[in-house]
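First the structure, in the form of structure tokens, and then the observations on it.
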Amino acid sequence: MTAKEIIQHMESLQNDAQRRILIRFFKTAPGEYGEGDEFLGLKVPQTREVVRAVPKDFPLSEVPELLMSRWHEVRLCGLLILVSKFEKLATKRLANDASAIRSRDEILTLYLKYAEQANNWDLVDLSVHKILGHWLLLPSDLGDRDYKIKVLDELAQSPCLWKQRMSIVCSWKTSQQGDPSWCLRYAEIHLHHPHDLMHKAVGWMLREMGKRVSTDLLRDFLRQHAHEMPRTMLRYAIEKMSDEERQYWMKTPN
């Protein structure tokens, strides 16, 4: 199986009615965040089905052709192939295996090289925590924690909205594994971001950190920053709290 064959197969599944729904849902009109994105009209389960049919030995060298596709769903397919390959190399048994470490680093490097091709929120959210987020928790030949911070800082400081989103949404995985530091660092960095999509992402990740690690840590963050948080970000962060506590935080002067 080649990338060309995957693309041809996915094009054969094109659904015009679903395509019209997706171009509205993902804000593809001029001036909107997904401006110009093109869709085949496939639902995510259909794309996942294609990924499941891809052989385990599908060459990494074929993935860039998928990531560079004009079609949103084909780019998603490429990203999910990388996720599948990474997860197979990230089991407890292989965490410290030298060959697996090299292969994970290769996948991570490819993912970052084509990061701008994950150019909508779903493409980021379905892939970044399972590749970049997981990589943060594992041994790497590329560098230590300081190097990993440098990688995320470069994403956070990029002019590309989707790279910025990667730097915070990757913390979904680190929070799941009990490490709040990545979420707290990049939530603070993006505190004054101008875009609503980042307000939602930061609030969501803070909520997940509170749920997975410590609600008290979330409260500490809110005590320091609730007064300067965009209201959407704050609402997302406190969504799982009691009505009484949500009302308390929402009354914080902004």
Side-chain angles (χ1 to χ4, degrees), residues 21-22 24-27 31-34 43-45 83 87 118 120-138 145 148-149 151-153 155-158 160-254:
I21 293 170
L22 293 174
R24 290 193 301 271
F25 183 74
F26 285 107
K27 308 296 184 185
E32 294 184 317
Y33 62 74
K43 295 182 179 180
V44 172
V83 167
E87 288 185 326
N120 216 311
W121 57 264
D122 63 316
L123 301 179
V124 172
D125 297 357
L126 289 169
S127 63
V128 71
H129 61 297
K130 294 182 176 181
I131 298 176
L132 178 56
H134 206 163
W135 176 79
L136 295 173
L137 298 164
L138 293 165
R145 183 180 175 89
K148 293 176 177 180
I149 289 172
V151 168
L152 263 64
D153 281 355
L155 291 172
Q157 294 159 11
S158 167
C160 174
L161 173 65
W162 310 115
K163 287 185 175 182
Q164 295 165 7
R165 189 174 175 98
M166 285 180 173
S167 70
I168 183 65
V169 177
C170 70
S171 72
W172 194 2
K173 184 69 174 184
T174 53
S175 291
Q176 286 174 349
Q177 298 300 313
D179 182 352
S181 61
W182 301 96
C183 174
L184 294 171
R185 176 182 175 83
Y186 292 95
E188 197 164 74
I189 285 173
H190 292 305
L191 205 59
H192 302 112
H193 198 286
H195 205 293
D196 183 65
L197 281 177
M198 288 297 291
H199 300 170
K200 292 175 180 177
V202 172
W204 169 31
M205 289 302 107
L206 285 169
R207 183 181 75 228
E208 287 298 309
M209 186 279 299
K211 181 172 73 173
R212 302 285 185 169
V213 183
S214 167
T215 306
D216 286 338
L217 270 180
L218 173 56
R219 292 187 180 109
D220 288 344
F221 185 92
L222 295 175
R223 277 190 282 271
Q224 293 179 62
H225 299 296
H227 67 282
E228 56 184 333
M229 291 171 72
R231 295 295 94 174
T232 296
M233 185 187 295
L234 180 57
R235 279 195 298 272
Y236 271 62
I238 63 178
E239 190 175 34
K240 297 300 181 181
M241 292 180 174
S242 67
D243 288 345
E244 183 180 5
E245 188 167 7
R246 286 203 309 274
Q247 290 173 20
Y248 168 80
W249 291 115
M250 288 305 296
K251 289 176 182 175
T252 304
N254 188 277

Over all atoms of both residues, closest heavy-atom pair of Gly210 and Leu218: CA-CB, 4.1 Å
With His225, which residues qualify under ring-ring contact (aromatic ring centres under 6.0 Å, His included), at least two apart? Phe221
Of all heavy-atom pairs linking Gly133 and Thr174, the shortest is O-CG2, 3.6 Å
Rounded to the nearest 0.5 Å, how far apart are CG of Leu206 and OG of Ser171? 8.0 Å
Side-chain contact test, heavy atoms from C-beta onward, threshold under 4.5 Å: evaluate it for Arg235 versus Met250 and give yes or no. yes
Between Asp153 and Tyr186, do the side chains contain an N or O donor and an N or O acceptor separated by less than 3.5 Å? yes
Starting from the C-alpha separation in whole Å, work towards a yes-or-no answer on side chain to side chain contact (heavy atoms under 4.5 Å, CB included) for Leu222 and Leu234. CA-CA 8 Å; Leu222 295 175; Leu234 180 57; 3.7 Å; yes
Residues that Lys163 engages under side chain to side chain contact (heavy atoms under 4.5 Å, CB included), provided they are two or more places apart: Ala115, Glu116, Leu155, Ser158, Cys160
Least distance between heavy atoms, Val169 atom then Ala201 atom: CG2-CB, 4.0 Å
Nearest 0.5 Å, please: how far is CE in Met233 from CE in Met198? 7.5 Å
Of all heavy-atom pairs linking Ala156 and Ile189, the shortest is CB-CG2, 4.2 Å
Counterpart residues, ring-ring contact (aromatic ring centres under 6.0 Å, His included), relative to Trp204 (two or more places apart): Trp172
Parallel, tilted or perpendicular: which fits the ring planes of Trp121 and Phe26, with parallel below 30° and perpendicular above 60°? tilted
Non-hydrogen side-chain atoms of Leu132 and Leu152 separated by less than 4.5 Å: yes
Going by distance alone, is a donor N or O of one side chain under 3.5 Å from an acceptor N or O of the other, for Thr252 and Arg231? no
Ignoring hydrogens and angles, tell me if any N or O in the side chain of Asn120 forms a donor-acceptor pair with the backbone of Asp122 under 3.5 Å. no
Side chain to side chain contact (heavy atoms under 4.5 Å, CB included) assessment of Ser167 paired with Arg185: CA-CA 10 Å; Ser167 70; Arg185 176 182 175 83; over 6 Å; no
Side-chain heavy-atom pair Val202, Met229 within 4.5 angstrom cut-off: no
Taking Trp135's backbone N and O only, do any of them form a donor-acceptor pair with Lys148's side chain (distance below 3.5 Å, no angle check)? yes
Looking only at heavy atoms, what is the nearest atom pair of Ala187 and Ile168, with distance? N-CD1, 3.6 Å
Do any N or O atoms from the side chain of Arg207 and from the backbone of Glu239 form a donor-acceptor pair under 3.5 angstrom? no
So CD of Gln176 and NZ of Lys211: to nearest 0.5 Å the spacing works out to 8.5 Å
Is the side chain of His134 donor-acceptor paired with the backbone N or O of Lys173 at a distance under 3.5 Å, no angle test? no
Pairs satisfying ring-ring contact (aromatic ring centres under 6.0 Å, His included), at least one member in residues 226-254, at least two apart: none
Between Gln164 and His193, is there a side-chain donor-acceptor contact under 3.5 Å, judged purely by atom types and distance? yes
Keeping the roles fixed (side chain from Ser127, backbone from Leu123), state whether a donor-acceptor pair exists under 3.5 Å. yes
Looking at every heavy atom in both Met209 and Cys183, which two are closest together, and how far apart are they? CB-SG, 3.7 Å
Could you state the interatomic distance from OG (Ser175) to CD (Glu208), rounded to the nearest 0.5 Å? 8.0 Å
With sequence neighbours excluded, residues passing salt bridge (Lys or Arg N to Asp or Glu O under 4.0 Å) with Arg219: Asp216, Glu245
Across all chains, not counting sequence neighbours, the side chain to side chain contact (heavy atoms under 4.5 Å, CB included) partners of Arg246 are Ile238, Met241, Asp243
Rounded distance [0.5 Å steps], NE2 in His129 versus CD in Gln177: 11.0 Å
Asp125 vs Arg165, test: side chain to side chain contact (heavy atoms under 4.5 Å, CB included). Steps then yes/no. CA-CA 9 Å; Asp125 297 357; Arg165 189 174 175 98; 2.7 Å; yes
